[in-house]
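Just so we're on the same page: letters track the sequence lines, and every chain starts at 1.
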Amino acid sequence: MAENLQLLSISENNLEKCLKCSICTVYCPVAGVTPFYPGPKHAGPDGERYRIKDAVFFDEKALKMCLNCKRCEVACPEGVQIADIIQSARIKYAKHSPGLREFTLANTDLVGSMATLMAPVANFATGLSPVKAVLNTAVKIDKRRKFPAYASQKFETWYKKHAAAEQDKYAKQVSYFHGCYANYNYPQLGKDLVKVMNAIGYGVKLLDKEKCCGVPLVSNGFIEQAKKQGEINMASMRESVKQGRPIITTSTSCTLMMRNEYDHLLHIDNKVAQDNLSLATRFIYKLVESGEVKLAFHDDYKKRVCYHTPCHMERLGWTVYSTSLVKMIPGVQFIMLDSQCCGIAGTYGFKKENYEVSQKIGEPLFRQIEEANVDNVITDCETCKWQIEMSTSAKVLNPISILAEALDVEKTIELNKK
Amino acid sequence: MKFDSVIIGGGLSGLTCGIALAKAGKKVAIVAAGQSTLHFSSGSFDLLGYDAAGNVVDNPLEAIGQLETSHPYSKIGAENIEQLATEAETILNESGLKVKGHVRKNHFRITPMGIMKPTWLTLDDYFTSETAQALPYKKIIVANIAGFMDFPVEFVAEGLRKTGAEVETKILSIPALKERRLSPSEMRSANISKILSTEETLQEIADKINSCSSDAEVVLMPAIIGLNNSQNVAILRSKVQKPMYVIATLPPSVPGVRMQKLLRGYFEKSGGLFMLGNKATGAVIENNKVVALTTSALTDDNLIADNYILATGSFQSEGLKSNYVKVYEPIFDLDVDADSQRTEWIDENVYKAQPYMAYGVRTDSQFKTQKEENTIDNLYAVGSVLSGHNSIRQADGTGVSLITAMAVAKNILNK
């Protein structure tokens, strides 16, 4: 009885467990570079106590400065979900309706579809100074920011034309949640994923319906739309699992959102994702570790690489899978970078008012990368890739892409035939 | 995933035990639910500061022989402590934490409340004294940063004056720190240290110190420099004309963060895997042996190891928990040494020894734990989660963490 009472008193996002120790503040990348952000403790649990009493204490301008990198949550010894407290407050109390800029940044699906249709024009235009000037002043997207290029052919289109037909010949199957980035900006990642999975004997299917996971929608204030899309994704995943296909992804932020945040942030039933959604690197590593799958690599493959831990990878706690997998490649010389935020945080760094904070946060990481003198930076996050490629001389790859590069496909197929 | 040893808890005890094992060639993983209480560090490591009667201990090694048999040190045996203490000190030094002090002679540190406390080892940039009654300096300047409230400068000055020293307080600021005050709640040690991390800001602050300290023999500052290593402290000290030392602040402790980072770095360099933000949630125990550990991040992927080490800390770190009816260990539900009557847990006089401070998991002479009175042969406990010592009354917390970590590493390696 007594124990039950205590269990009942657990607060939302573990708010009541905050001891005010301020350890979160030590690891907040924003508080470290600007005095205008009140820091995770203050913006999170401290502020929440006031907000519960009266919404007048909701300081939209300050809370908007939170990157949602979740390093505060990883650091918290008491398990307080600090970033979720902040995100929930923004969902609950935000008064300002999102504008054209937020619409453009948030609707990766719609904007991506339009942009891939006219990719050369879009890429050319977003690189032009007059267009950048308009974005800068009218839309308030910082003109110093380089836009990620759009691909001229969506991954989905490529898949249907060149891959879909062969997937049924594999006895084992997975579904691939490719996300907006692989679809619109970098289909090569999706192609690499199909190559690797096919080599180890897995067919790759797409979900019946895939929508943007909702990360940019939530951070730009389109909550209802995020909920709708989340429900569609979960329904598609349930169908996939019913047909015996677990779901893999190549994006840490999509994974974290769907697997760890849909339930308490958007109140979507995501049990299917909790149980069956995994990063591809984790999925493959576990197969290799258990001996179910063997990998063979090109003998002459040689590369010096460093790994950057995306914030949401840190929160997932799955860094070990991606790094262990890359380390399996015999020709790879591996360097682990300090785990720190690159500053982009999805669409955050695109906004004019955030540009300088964003670059300042990333500075130590950029320096470390330049000093590492590597062939590639490896990371599991697409927006980290944009930020690092814009801010350093490095070329960034997803672990799946380096695996695809190094993999001896014929030998691997041979090894896994049994 | 498979390892030789899996350590639960990434604080002082877990890290140093992990380093000792990894250095011996073992494959070690640490799972840490969050950051550790090293972030509250005083900058010192206490072996034994006070005896059972509350008297200051001069020679900790000697006094350890007088401790009750239930104390973790007594299980190791007083004659073995010196060797383990030396091994712990070596690990601290090798990880980049330069310390001063001796196992046979306590020295004194000063708390942010201005109290002199006996201790074993202290980071070498800290202010210390051979005795509590007299300081090595007679004219002292205590310089705080304007707007930094986690350093009660008048308490510190008052404490120093009790030794007969002449103490002046100064408040310093530079433009970059003034800007930081725009968010007064974030005028915290860690944020200040991020500002005082460039050649320019360190020069500016050194100029301010030099311009107000011409009469002083020594300048004392809050410990707000050197989050990642001690390099910035060295730079500042080289720019300040008078000898300069730091004093502990209220948390978060900048040198504590440095300890955490350097020890983790050394552990990883020695081949260890550190998983932050991964909480141990339960275990599979068969025939009095742990066969698998489950964690929050690696769902459906258990951690398998020959040996497991519980280094989860005490109540603050949730290594121990309590509800209305019992004190318990939350991961394995191990046997604990604690009063069964809730009324016995505390003494209503807050200044008296609090019984709950000595609660912890029950272990044998090897620090093997037990569950339902059966010894678990491959689950050891180290540090604050152990029963039988009161770190507030006896100033032995960090010592127990280090010494038991070394002892258990040895027990495992000799297995």
Measure distances from [X] to the heavy atoms of chain B and classify the residue's part below 4.5 Å as side chain, backbone, both or neither.
{"X": "Cys76(A)", "result": "backbone"}
{"X": "Tyr37(A)", "result": "backbone"}
{"X": "Thr34(A)", "result": "backbone"}
{"X": "Cys28(A)", "result": "backbone"}
{"X": "Arg71(A)", "result": "neither"}
{"X": "Lys17(A)", "result": "side chain"}

Would you compute the distance between atom [atom1] of [X] and atom [atom2] of [Y] and round it to the nearest 0.5 angstrom?
{"X": "His39(B)", "Y": "Thr25(A)", "atom1": "NE2", "atom2": "OG1", "result": "11.0 Å"}
{"X": "Trp318(A)", "Y": "Asp301(B)", "atom1": "CH2", "atom2": "CG", "result": "10.5 Å"}
{"X": "Gln35(B)", "Y": "Cys72(A)", "atom1": "CD", "atom2": "SG", "result": "12.0 Å"}
{"X": "Thr309(A)", "Y": "Leu276(B)", "atom1": "OG1", "atom2": "CG", "result": "11.0 Å"}
{"X": "Leu316(A)", "Y": "Asn278(B)", "atom1": "CG", "atom2": "CG", "result": "11.0 Å"}

For this session: Kindly determine whether Val257(B) and Tyr27(A) satisfy side-chain contact (heavy atoms from CB on, under 4.5 Å), including the steps that lead there.
Result: CA-CA 10 Å; Val257(B) 177; Tyr27(A) 297 93; 3.9 Å; yes
Atom [atom1] of [X]: over 12 foreign heavy atoms under 6.0 Å:
{"X": "Lys360(A)", "atom1": "NZ", "value": "no"}
{"X": "Leu182(B)", "atom1": "CG", "value": "yes"}
{"X": "Glu356(A)", "atom1": "CD", "value": "no"}
{"X": "Lys20(A)", "atom1": "NZ", "value": "yes"}
{"X": "Glu353(A)", "atom1": "CD", "value": "yes"}

Minimum heavy-atom distance [X]-[Y], with the two atoms named:
{"X": "Pro38(A)", "Y": "Ser183(B)", "value": "CA-OG, 3.6 Å"}
{"X": "Met275(B)", "Y": "Val320(A)", "value": "SD-CG1, 4.3 Å"}
{"X": "Ser185(B)", "Y": "His42(A)", "value": "OG-CG, 3.6 Å"}

Check whether [X] gets within reach of chain A through its side chain, its backbone, both or neither, counting any heavy atom under 4.5 Å.
{"X": "Ser36(B)", "answer": "backbone"}
{"X": "Glu179(B)", "answer": "both"}
{"X": "Gln316(B)", "answer": "both"}
{"X": "Arg180(B)", "answer": "both"}

For this session: Could you tell me whether a side-chain N or O of Lys286(A) sits under 3.5 Å from a main-chain N or O of Met1(B), the two making a donor and an acceptor?
Result: no
Seminar exercise, completed: Highest number of heavy-atom pairs under 4.5 Å with chain A among Pro251(B), Pro252(B), Ala190(B), Gly277(B) belongs to Pro252(B)
For this session: Decide yes or no on salt bridge (Lys or Arg N to Asp or Glu O under 4.0 Å) for Arg264(B) and Asp338(A), but give the supporting numbers first.
Result: CA-CA 11 Å; Arg264(B) 176 180 168 173; Asp338(A) 294 342; over 6 Å; no
Options [options], ranked by heavy-atom pairs under 4.5 Å with chain B, top entry:
{"options": "Met336(A), Glu289(A), Glu314(A)", "answer": "Glu289(A)"}
{"options": "Asp275(A), Thr323(A), Val74(A)", "answer": "Val74(A)"}
{"options": "Ala31(A), Gly39(A), Ser290(A)", "answer": "Ala31(A)"}

Exercise. Do Gln260(B) and Ile23(A) touch side chain to side chain, with heavy atoms closer than 4.5 Å?
Worked result: no
